[in-house]
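Notes follow the structure.
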Amino acid sequence: DPTPEQRRQADEARAHAAHARSLRGRPGALKDGTPLPLLANVGKPEDADSALEYGAEGVGLFRTEFLFIGNEQPPSVEEQTEAYTRLLSRFPGRKVVIRMLDAGADKPLPFLTPEDEPNPALGLRGLRTLRVHHQVLEDQLEALARADAATEADLWVMAPMVADEHEAAYFVRLGKEKGLKKVGAMAEVPSIALVADKVAEVADFVSIGTNDLTQYTLAADRTLGSVANYQTAWHPAVLRAIKLIADAGNAHGMPVGVCGEAAADPDLAVVLAGLGVNSLSMTPVALDDVRAELLSHTIEEAREKAKAALDGEFYHPAW
Ligand code: PEP
Ligand code: MG
């Protein structure tokens, strides 16, 4: 028994969704034509189906943990090569960003993650884990290089939890030694934002993981309900960190993308465009709404909105 107002709202939402659906297949861009490629976050090779269905222009984040979780030892090079080849072969000529294993903290793996860490989010995770378990790192890079050689996709490879230019340079060197063409870093630890100009000198690209960047900027565990209020990339401190990275990237000609949940919020996507981010990657079902919202703002309007957001205009603390 909906009220007339509820009916009106439902009709409006349906019309909005139909309009957004009709734009599927168009490349991501703002109203004035400024391009902003829209990519998909995927967790296993079969997710390529929904990425393509929703009109993703490629993959901006392939989380490789699925190959490792539930096993008692790392998957073989052959097993990994097969999985990466399966994904890459779905995107000939298109960009596919694969993230190295992010073990630790909210993604613990019994055979890699220490059990006695008092603060796992501040312990061994991401690239830190891979450095300790060097063979796992080597094997994953080897599998990626083999899959790259066997397919036509434009493969980009990145490491999670890179803290600074030294860690970025370490990982880039290993990736290049394997023959990978584009090797970059995820920006999730706030320190990387503070030295972003240095990182831009050594990395081919940076992808901002706003889930972790928010967690660490605000020192609030992303898995803890009691501090969930802090987990918002609308916080001006997070947006300012993103701006530092985008500015450094644009000054050095280094692509900067966003692949955290923030990219899936249509209003925030406009702000990210205004901050100078070069691509957005999100869960495929979010692509329609983000594409439609971007198309209703010019880059100038997005920059104005970003300015207001940096000033805290859209951030409403919960107390
Ligand atoms: C992030 O931290 O924003 C991210 C994309 O990585 P994950 O959510 O897998 O930690
Ligand atoms: Mg992360």
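Just follow the structure's listing: the first ligand is 1, and inside any ligand the first atom is 1. Worth knowing before you read on, the calculation uses all heavy atoms, side chains too, and leaves out hydrogens, waters and symmetry mates.
- Of the residues listed (Lys44, Arg99, Arg125), the one engaging Glu65 in a salt bridge (Lys or Arg N to Asp or Glu O under 4.0 Å) is Arg99, and it is the only one.
- Salt-bridge check for Glu138 with Lys178: passed, with a basic side-chain N closer than 4.0 Å to an acidic carboxylate O.
- A donor-acceptor contact shorter than 3.5 Å links the side chain of Asp164 to the backbone of Glu167.
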May I have the list of side-chain donor-acceptor pairs in residues 244-262 shorter than 3.5 Å, sequence neighbours left out?
{"from": "Asp247", "atom 1": "OD2", "to": "Lys243", "atom 2": "NZ", "distance (Å)": "2.7"}
{"from": "Asn250", "atom 1": "OD1", "to": "Asn278", "atom 2": "ND2", "distance (Å)": "3.3"}
{"from": "Asn250", "atom 1": "ND2", "to": "Ala246", "atom 2": "O", "distance (Å)": "3.2"}
{"from": "Asn250", "atom 1": "ND2", "to": "Gly276", "atom 2": "O", "distance (Å)": "3.0"}
{"from": "His252", "atom 1": "ND1", "to": "Ala248", "atom 2": "O", "distance (Å)": "3.0"}

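- With rounding to the nearest 0.5 angstrom, the CD atom of Gln80 is 9.5 Å from the CD atom of Glu78.
- The closest donor-acceptor contact from the side chain of Arg94 to the backbone of Ala56 lies under 3.5 Å.
- The Mg ion (ligand 2) has Glu188 OE2, Asp212 OD2 as its protein N, O or S neighbours under 2.8 Å.
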Does ligand 1 have any N/O pairs with the protein under 3.5 Å, and how far apart?
{"from": "ligand 1", "atom 1": "2 (O)", "to": "Glu188", "atom 2": "OE2", "distance (Å)": "2.9"}
{"from": "ligand 1", "atom 1": "2 (O)", "to": "Asp212", "atom 2": "N", "distance (Å)": "3.0"}
{"from": "ligand 1", "atom 1": "2 (O)", "to": "Asp212", "atom 2": "OD2", "distance (Å)": "3.0"}
{"from": "ligand 1", "atom 1": "3 (O)", "to": "Gly209", "atom 2": "O", "distance (Å)": "3.4"}
{"from": "ligand 1", "atom 1": "3 (O)", "to": "Thr210", "atom 2": "N", "distance (Å)": "3.1"}
{"from": "ligand 1", "atom 1": "3 (O)", "to": "Asn211", "atom 2": "N", "distance (Å)": "2.8"}
{"from": "ligand 1", "atom 1": "3 (O)", "to": "Asn211", "atom 2": "ND2", "distance (Å)": "3.1"}
{"from": "ligand 1", "atom 1": "6 (O)", "to": "Arg99", "atom 2": "NH1", "distance (Å)": "2.9"}
{"from": "ligand 1", "atom 1": "8 (O)", "to": "Arg63", "atom 2": "NH2", "distance (Å)": "3.0"}
{"from": "ligand 1", "atom 1": "8 (O)", "to": "Asn211", "atom 2": "ND2", "distance (Å)": "2.9"}
{"from": "ligand 1", "atom 1": "8 (O)", "to": "Arg222", "atom 2": "NH2", "distance (Å)": "2.8"}
{"from": "ligand 1", "atom 1": "9 (O)", "to": "Arg63", "atom 2": "NE", "distance (Å)": "2.7"}
{"from": "ligand 1", "atom 1": "9 (O)", "to": "Arg63", "atom 2": "NH2", "distance (Å)": "3.3"}
{"from": "ligand 1", "atom 1": "9 (O)", "to": "Arg99", "atom 2": "NH1", "distance (Å)": "3.0"}
{"from": "ligand 1", "atom 1": "9 (O)", "to": "Arg99", "atom 2": "NH2", "distance (Å)": "3.1"}
{"from": "ligand 1", "atom 1": "9 (O)", "to": "Lys107", "atom 2": "NZ", "distance (Å)": "3.4"}
{"from": "ligand 1", "atom 1": "10 (O)", "to": "Lys107", "atom 2": "NZ", "distance (Å)": "2.7"}
{"from": "ligand 1", "atom 1": "10 (O)", "to": "Asp212", "atom 2": "OD2", "distance (Å)": "3.0"}
{"from": "ligand 1", "atom 1": "10 (O)", "to": "Arg222", "atom 2": "NH1", "distance (Å)": "2.9"}

Take Asp148 and Lys182 through the test salt bridge (Lys or Arg N to Asp or Glu O under 4.0 Å) and record every step on the way to the result.
CA-CA 11 Å; Asp148 189 25; Lys182 292 272 187 192; over 6 Å; no
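- Aromatic ring pairs are classed by plane angle as parallel below 30°, tilted from 30° to 60° and perpendicular above 60°; the pair Trp234 and Phe314 is perpendicular.
- Evaluation of the side-chain contact (heavy atoms from CB on, under 4.5 Å) rule for Val132 yields Leu124 as partners, not counting sequence neighbours.
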